[in-house]
Each structure stands twice: as C-alpha cells, then as structure tokens.
Amino acid sequence: MGLTQSRPPVTQELIEKTGFTAEQIEHLHKRFIYLTGDKPVLRNLQPGSYGYESEINFEQFLIVMSYFRPMGGPMDEENINVCRRDKLRFLFNMYDTDNDSKITLDEYRNVVEELLSGNLHIEKETARSIADGAMMEAASICVGQMEPDQIYEGITFEDFLKIWEGIDIETKMHVRFLNMDTIPSCH
C-alpha cells in the first residue's frame, strides 16, 4: 500500500476522541504513514527507554497529537483553562516517567539529556547542568528561599502549574497542518 493510496480509518469515534476533523485526521494519517514508511505502527528507536512505548499505532498517535490540537474558535475562560491544564498534564507526564506524581531531579535530567542528545555540541555534563539549574529555579518558584540543608524532592503537578503560570501554553503548544505534498521524501 503506497503513501497516496492509504486511507485513514476515519470514524466518528476518532473524531469525538481527538477533536480533530475528518480532514485533519486524513492529514495526520498521511503524516503517520510518511513517518512509519507505510507500516501500521511507529517504532521507538530507543529501546529500553523507561516510560516509553516500544511502538504506537495510528489511533494512539492521534490521541497524542490531540494534545497539540489548536484551540477552535472563541472559547470562554473555563474552556481555555481546561485546555491549558490538559496540555500541561500531558507535558508533566512526559517528565514524570515513573508515574509517581512528582518530577525528580533524575527524571528531569534524563528528559533534558534525551532532548539535547541530538545536539553534538552539548555534552552530557552540560545537559546535566542545564537540568540542575532549571530544577533549582523550579524549587525557588515553588518553595521560595530554601534552607541550606533543605532538599527539594521534586516538582508536583501543582508546582508545574505555578512554573508555567503566565506562559500562554494553550495557544503556543499546537500543531500546524502543513501541505503534505511539499514535504521532501527521504526514501
């Protein structure tokens, strides 16, 4: 089945589950097929990563992408806050890899190192320093001035909300639907 022949399984259930339109689902299905090389699943290329799925299917891909769905039309403040909280919960869960409702320094270091691992100019120790500095800043935002012997055990979701206060995440964290015909093929 080739890229242009493959059709997504657009159902009312997927539309309701993700909030995407049928056209957006078709667009994302083209992207999914492009990324998978026309396979039914997208594989994680980093085996053994704790907290990661080894592969995801199209429906799981859509659900993840729905967190990046642009807000539709005018929304009241309550709906904006729900959208914001959902997006921040998704981000929080990306960092909280052991699902204990707290982002520890080790978890944060691992995510930062992972995100920066593709940059050959940033060494592991530099990434670790970046993570340590960010965690110290988080502690100062959430706890305030700490005593020298006080230990910051990690970022809770409520702390995470405080850290992101004033940042317009609900409109900045979204996917743009580009024309798939303009994407160069590497195959």
Side-chain angles (χ1 to χ4, degrees), residues 3 18 27-70 84-142 151-178 180 182-187:
L3 181 65
T18 65
H27 187 86
L28 286 168
H29 188 257
K30 287 179 185 176
R31 172 62 70 171
F32 181 80
I33 293 301
Y34 176 79
L35 292 171
T36 64
D38 211 12
K39 304 260 186 317
V41 294
L42 183 62
R43 298 190 61 79
N44 180 0
L45 299 178
Q46 300 193 357
S49 299
Y50 180 78
Y52 296 100
E53 295 287 332
S54 61
E55 56 188 33
I56 63 169
N57 64 28
F58 178 64
E59 183 174 340
Q60 292 167 317
F61 175 78
L62 269 183
I63 290 168
V64 168
M65 292 306 295
S66 72
Y67 288 100
F68 299 93
R69 190 183 73 236
R84 175 182 180 74
R85 194 172 183 88
D86 287 348
K87 287 181 183 220
L88 289 173
R89 173 61 74 182
F90 176 78
L91 287 175
F92 180 83
N93 290 339
M94 285 177 49
Y95 289 97
D96 181 21
T97 56
D98 65 2
N99 298 316
D100 68 348
S101 300
K102 191 179 295 179
I103 302 168
T104 64
L105 178 57
D106 284 338
E107 287 173 317
Y108 192 71
R109 281 179 179 160
N110 289 338
V111 171
V112 170
E113 288 171 7
E114 183 79 26
L115 290 172
L116 298 177
S117 66
N119 187 332
L120 301 176
H121 303 291
I122 298 179
E123 296 176 8
K124 190 172 185 169
E125 283 306 311
T126 303
R128 182 175 282 252
S129 294
I130 291 169
D132 291 354
M135 189 60 88
M136 286 177 59
E137 185 175 340
S140 71
I141 290 170
C142 300
I151 297 173
Y152 185 59
E153 294 184 15
I155 301 170
T156 64
F157 183 63
E158 294 308 314
D159 291 343
F160 198 73
L161 291 175
K162 285 180 195 173
I163 293 166
W164 285 91
E165 213 168 78
I167 298 171
D168 192 17
I169 194 76
E170 58 277 7
T171 59
K172 294 187 184 324
M173 187 175 140
H174 68 273
V175 69
R176 293 183 312 166
F177 288 90
L178 303 174
M180 281 295 296
T182 62
I183 296 174
S185 178
C186 298
H187 303 284

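Excluded from the calculations below are hydrogen atoms, water molecules and symmetry mates; all remaining heavy atoms, backbone and side chain alike, are included.
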Self-check item: Chi angles and distances behind the salt bridge (charged side-chain N to carboxylate O under 4.0 Å, His left out) call for D96, K102
Solution: CA-CA 6 Å; D96 181 21; K102 191 179 295 179; over 6 Å; no

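- Applying the salt bridge (charged side-chain N to carboxylate O under 4.0 Å, His left out) rule to E158 yields the partners R85; only residues at least two apart in sequence or on another chain are considered.
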Practice problem: Please report the C-alpha distance between L62 and E59 in whole Å, then the side-chain angles of each, then the deciding distance to 0.1 Å, and finally whether the side-chain contact (heavy atoms from CB on, under 4.5 Å) criterion is met. | Solution: CA-CA 5 Å; L62 269 183; E59 183 174 340; 5.5 Å; no

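- E165 is not listed as a side-chain neighbour of I141, based on a closest heavy-atom distance of 4.5 Å or more.
- Between F160 and I155, the shortest heavy-atom contact is N-CG2, 3.6 Å.
- L28 approaches F61 most closely through the heavy-atom pair O-CE2, 3.7 Å.
- Between the R69 side chain and the T18 main chain, a donor and an acceptor come within less than 3.5 Å of each other.
- Between M94 and L91 there is a side-chain heavy-atom pair separated by less than 4.5 Å.
- A heavy-atom distance below 4.5 Å is not found between the side chains of T104 and E153.
- E137 is linked by a salt bridge (charged side-chain N to carboxylate O under 4.0 Å, His left out) to nothing, counting only residues two or more places apart in sequence or in another chain.
- Of all the heavy atoms in G154 and D159, the pair that sits closest is O-OD2, 3.7 Å.
- The existence of a salt bridge linking R89 and D86 is excluded, since no basic side-chain nitrogen approaches an acidic carboxylate oxygen closer than 4.0 Å.
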Exercise. Mind running side-chain contact (heavy atoms from CB on, under 4.5 Å) on I122 and N119 for me, showing each step along the way?
Key: CA-CA 6 Å; I122 298 179; N119 187 332; 3.6 Å; yes

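- Two residues are said to be in side-chain contact when any heavy atoms from C-beta on lie closer than 4.5 Å; D98 and E107 meet this criterion.
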Quiz item: Which is it for I163 and C142 under the side-chain contact (heavy atoms from CB on, under 4.5 Å) test, yes or no, and what are the steps along the way?
Solution: CA-CA 7 Å; I163 293 166; C142 300; 3.9 Å; yes

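- Shortest non-hydrogen contact noted between L88 and L161 is CD1-CD2, 3.7 Å.
- A donor-acceptor pair under 3.5 Å links the side-chain atoms of S129 to the main chain of E125, judged by distance alone.
- At a threshold of 4.5 Å between non-hydrogen side-chain atoms, the residues T36 and V41 do not count as touching.
- With hydrogens and angles disregarded, no donor-acceptor distance shorter than 3.5 Å links the side chain of E113 to the backbone of N110.
- Between D132 and R109, the shortest heavy-atom contact is OD1-NE, 2.8 Å.
- In this structure, F58 and H29 have perpendicular ring planes: the angle between them is above 60°, well past the 30° mark.
- Partners of Y95 by ring pair (Phe, Tyr, Trp, His ring centres under 6.0 Å), not counting sequence neighbours, listed by chain and number: Y108.
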Exercise. Check the pair V64, Q60 against side-chain contact (heavy atoms from CB on, under 4.5 Å), reporting the backbone distance first and the verdict last.
Key: CA-CA 6 Å; V64 168; Q60 292 167 317; 5.8 Å; no

